[in-house]
Asker: 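Got a structure for you, questions after.
FYI, the numbering just counts along the sequence from 1.
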Amino acid sequence: ETGELKKTMIAEGLDGRFEPVDVMGNTLYVNTSFATPKGSLIAINIHHTERENWKTILPERKDMVLEGVALAKGMFVTTWSKDVCSQFERMTLDGKILGAIALPGLGTASISTDHKRTEAFVSYTSYDAPRTIYSTDLLDPKLTVWAKTEIPGDLSGYTVEQRRAKSKDGTEVPMFIVRKKDMKLDGNNPALLYGYGGFNVSLTPMFNPTIVPWLEAGGVYVVANLRGGGEYGEDWHRAGMQGNKQNVFDDFYACAEWLVANKYTTSTRLAIEGGSNGGLLTGVATTQRP
């Protein structure tokens with residue numbers, strides 16, 4: 001306010017991420033994973049930044065990961081990830097929940113807001129849904145198509161399922177399965193299993209036009225959400241890094257075994273794919289479990 005640049009350290013050397021949302025008056029709102037591996041929203045008085053003065057506005061939830069917080073007129077809109085799919089919730093600036101915003105299905109969504117308006121735009125996509133932009137009024141959040149990606153094909157014949165496999169240590173590992181709705185599960189279908197499992201990266205549902213010819217030809221496309229990723233927060237990430245890296249590979253094998261046991265495919269018709277860290281995954285998999 002005086003024009004002088006004076007640095008005040010708020011968080012340094014603390015084990016967690018700190019993402020500033022906005023400043024209103026003397027209050028800085030921060031989305032953080034410090035002491036809350038799945039995320040929380042805190043308020044910090046910029047004139048009294050000591051940790052004992054931090055106030056929790058939105059506490060950590062055990063069943064969801066706080067992905068982001070956006071400021072609109074008179075409210076926050078929070079983006080959550082529950083079982084690797086996006087959810088939105090509206091709340092007052094002091095943390096009172098106002099209600100959810102319904103989304104079209106199991107997919108990945110983001111929201112664009114303005115602090116002076118209740119109008120917002122939602123971007124949504126899934127394995128069977130090209131990116132669509134919806135407009136809405138946050139006071140009555142019904143989604144209206146504003147812009148849609150047109151593709152030369154019909155996706156109504158495909159289905160997206162979410163299933164879980166049990167890893168070696170008993171951990172349940174989710175995966176998305178994309179296939180034709182009328183496919184016979186007789187064990188004869190070719191399947192492609194994709195994985196990554198590292199660096200806190202989440203593999204969320206997203207439209208990928210390159211898999212459509214594979215699906216059209218009768219293939220099954222599977223994306224495994226392995227430990228090491230960020231799908232279930234920081235604990236899930238750390239359970240698949242460094243000395244815990246074998247968990248990632250075991251999770252991948254569990255998904256493959258589940259697909260065979262449930263007659264989506266057979267081991268001789270199952271292929272695996274991954275890039276970068278996922279290349280490490282496929283290299284180890286073909287070595288440990290050829």
Asker: According to a 4.5 Å side-chain heavy-atom criterion applied to Ile, Leu, Val, Met, Phe, Trp and Tyr, with indirect links allowed, do Val23 and Phe18 form part of one hydrophobic cluster?
Answerer: yes
Asker: Mind running side chain to side chain contact (heavy atoms under 4.5 Å, CB included) on Asp186 and Lys263 for me, showing each step along the way?
Answerer: CA-CA 5 Å; Asp186 56 8; Lys263 299 189 180 301; 5.9 Å; no
Asker: Taking only residues two or more places apart in sequence, or in another chain, which ones meet Tyr194 in a ring pair (Phe, Tyr, Trp, His ring centres under 6.0 Å)?
Answerer: none
Asker: Could you report the tightest heavy-atom contact between Met64 and Lys82, atom names first, then the distance?
Answerer: CG-CB, 3.5 Å
Asker: Are any side-chain N or O atoms of Lys116 and backbone N or O atoms of Lys73, one a donor and one an acceptor, separated by less than 3.5 Å?
Answerer: no
Asker: Between Ile44 and Thr49, which heavy-atom pair has the shortest distance, and what is it?
Answerer: CG2-CA, 3.9 Å
Asker: I'd like to know if the side chain of Ser167 reaches the main chain of Thr171, judged simply by a donor and an acceptor atom lying under 3.5 Å from each other, with no hydrogens or angles considered.
Answerer: no
Asker: Using the salt bridge (charged side-chain N to carboxylate O under 4.0 Å, His left out) rule, take Glu4 and Lys6 through it: C-alpha gap first, then chi angles, then the decisive distance, then the call.
Answerer: CA-CA 6 Å; Glu4 178 188 6; Lys6 182 182 178 183; over 6 Å; no
Asker: May I ask you to decide if Asp83's main-chain N or O and Gln162's side chain share a donor-acceptor pair within less than 3.5 Å?
Answerer: yes
Asker: Determine, for Asp169 against Arg227, whether the closest basic-nitrogen to carboxylate-oxygen distance falls under 4.0 angstrom.
Answerer: yes
Asker: Let's go through Asn31 and Arg17 carefully: what are the C-alpha distance in whole Å and the side-chain angles of both, what is the deciding distance for side-chain hydrogen bond (donor to acceptor under 3.5 Å, both in side chains) to 0.1 Å, and is it a yes or a no?
Answerer: CA-CA 8 Å; Asn31 177 5; Arg17 59 170 172 76; 3.3 Å; yes
Asker: Any side-chain to backbone donor/acceptor pair from Thr265 onto Asn189? Under 3.5 Å, distance only.
Answerer: yes
Asker: So which heavy atom on Gly197 is nearest to which on Lys245, and how close?
Answerer: O-NZ, 3.0 Å
Asker: Given side chains that start at C-beta, do those of Leu192 and Glu273 come closer than 4.5 Å, heavy atoms only?
Answerer: yes
Asker: Taking Asp128 for the side chain and Val160 for the main chain, is one N or O donor matched with an acceptor at less than 3.5 Å?
Answerer: no
Asker: Return each pair, listed once, that meets ring-ring contact (aromatic ring centres under 6.0 Å, His included) where at least one residue sits in residues 69-119; pairs must be two or more places apart or across chains.
Answerer: Tyr29-Phe76
Asker: If we only count heavy atoms from C-beta on, is the Tyr232 to Pro174 side-chain gap below 4.5 Å?
Answerer: yes
Asker: Would you say Leu106 and Tyr221 are hydrophobically clustered, going by side-chain heavy atoms of ILVMFWY under 4.5 Å?
Answerer: no
Asker: Between Leu155 and Pro130, which heavy-atom pair has the shortest distance, and what is it?
Answerer: CD1-CD, 3.5 Å
Asker: With side chain to side chain contact (heavy atoms under 4.5 Å, CB included) as the test, would you mind laying out the steps for Lys180 and Glu216 before giving the verdict?
Answerer: CA-CA 8 Å; Lys180 284 184 176 180; Glu216 194 61 34; 4.1 Å; yes
Asker: Other hydrophobic cluster members with Met206, side-chain heavy atoms of Ile/Leu/Val/Met/Phe/Trp/Tyr under 4.5 Å, chained?
Answerer: none
Asker: Look only at the side chain of Ser126 and the backbone of Pro205, and say whether a donor-acceptor pair between them is shorter than 3.5 Å.
Answerer: no
Asker: Just wondering, are more than 12 heavy atoms of other shown residues or ligands nearer than 6.0 Å to CG in Asp63?
Answerer: yes
Asker: Taking the side chain as every heavy atom from C-beta outward, state whether Ile57 and Ile42 have any atom pair closer than 4.5 Å.
Answerer: no
Asker: Supply the members, apart from Leu185, of the Ile/Leu/Val/Met/Phe/Trp/Tyr cluster built from side-chain contacts under 4.5 Å; use none for a lone residue.
Answerer: Val173, Met175, Ile177, Met183, Leu193, Val220, Val222, Leu226, Val248, Phe249, Phe252, Tyr253, Trp258, Leu259, Tyr264, Leu270, Ile272, Leu280, Leu281, Val284
Asker: Before giving the answer on salt bridge (charged side-chain N to carboxylate O under 4.0 Å, His left out), spell out for Arg289 and Glu257 the whole-Å C-alpha distance, their side-chain angles and the decisive distance to 0.1 Å.
Answerer: CA-CA 11 Å; Arg289 294 289 300 273; Glu257 290 169 341; 2.7 Å; yes
Asker: Between Arg61 and Glu89, does any side-chain N to carboxylate O distance fall below 4.0 Å?
Answerer: yes
Asker: Under 6.0 Å from the NZ atom of Lys181, do we count more than 12 heavy atoms belonging to anything else shown?
Answerer: yes
Asker: By the definition side chain to side chain donor-acceptor pair (under 3.5 Å), identify the one residue from Asn53, Thr8, Asn26 that meets it with His47.
Answerer: Asn26
Asker: Membership question, hydrophobic clusters at under 4.5 Å side-chain separation (ILVMFWY): are Leu41 and Phe34 in the same one?
Answerer: no
Asker: Restricting to non-hydrogen atoms, name the atom on Pro209 and the atom on Pro213 that form the minimum distance, rounded to 0.1 Å.
Answerer: O-CD, 3.5 Å
Asker: Where the side chain of Ser86 meets the backbone of Ala109, is there a donor-acceptor pair that is under 3.5 Å apart?
Answerer: yes
Asker: Sub-3.5 Å donor-acceptor pair from the side chain of Arg131 to the main-chain atoms of Thr149, do we have one?
Answerer: no
Asker: Are Asp140 and Lys142 ion-paired here, with the side-chain N under 4.0 Å from a carboxylate O?
Answerer: yes
Asker: So which pairs with a foot in residues 121-167 pass ring-ring contact (aromatic ring centres under 6.0 Å, His included), sequence neighbours left out?
Answerer: Phe121-Trp146, Tyr127-Phe176
Asker: Between Ser40 (side chain) and Glu60 (backbone), is there a donor-acceptor pair under 3.5 Å?
Answerer: no
Asker: Please report the interatomic distance OG1(Thr159) to CG(Asp182), rounded to the nearest 0.5 Å.
Answerer: 11.0 Å
Asker: Please say whether more than 12 non-hydrogen atoms of neighbouring residues, nucleotides or ligands are located less than 6.0 Å from CD in Gln242.
Answerer: no
Asker: Go through the structure and list residues passing side chain to side chain donor-acceptor pair (under 3.5 Å) with Thr56, not counting sequence neighbours.
Answerer: none
Asker: Quick one: does Thr287's side chain have a donor or acceptor within less than 3.5 Å of a partner on Gly283's backbone?
Answerer: yes
Asker: Restricting to non-hydrogen atoms, name the atom on Leu203 and the atom on Asn225 that form the minimum distance, rounded to 0.1 Å.
Answerer: O-ND2, 2.8 Å
Asker: One pair to check against side chain to side chain contact (heavy atoms under 4.5 Å, CB included): Ile101 and Val77. What are the steps and the verdict?
Answerer: CA-CA 9 Å; Ile101 302 173; Val77 181; 4.3 Å; yes
Asker: Given side chains that start at C-beta, do those of Gln246 and Gln288 come closer than 4.5 Å, heavy atoms only?
Answerer: yes
Asker: Should Met75 and Leu138 count as side-chain neighbours, where that means a heavy-atom distance under 4.5 Å?
Answerer: yes
Asker: Check this for me: does any side-chain nitrogen of one of Arg179 and Glu161 sit under 4.0 Å from a carboxylate oxygen of the other?
Answerer: yes
Asker: Which is it for Val122 and Leu103 under the side chain to side chain contact (heavy atoms under 4.5 Å, CB included) test, yes or no, and what are the steps along the way?
Answerer: CA-CA 9 Å; Val122 170; Leu103 291 171; 4.1 Å; yes
Asker: To the nearest 0.5 angstrom, please state how far the OG atom of Ser110 sits from the CD atom of Glu67.
Answerer: 11.5 Å
Asker: Roughly how far apart are Leu66 CG and Thr79 OG1, rounded to 0.5 Å?
Answerer: 8.0 Å
Asker: Are Phe207 and Val84 connected, step by step, through hydrophobic side chains (Ile, Leu, Val, Met, Phe, Trp, Tyr) whose heavy atoms are closer than 4.5 Å?
Answerer: yes
Asker: Would you give the length of the straight line joining atom CD1 of Ile97 to atom CG of Leu58, rounded to the nearest 0.5 angstrom?
Answerer: 5.5 Å
Asker: Examine Ile111 and Leu71 and state if one hydrophobic cluster contains both, with Ile, Leu, Val, Met, Phe, Trp and Tyr joined whenever side-chain heavy atoms are less than 4.5 Å apart.
Answerer: no
Asker: Is Asp137 salt-bridged to Arg90, cutoff N-O under 4.0 Å?
Answerer: no
Asker: State the OG1-CG distance between Thr125 and Asn208, to the nearest 0.5 angstrom.
Answerer: 9.5 Å
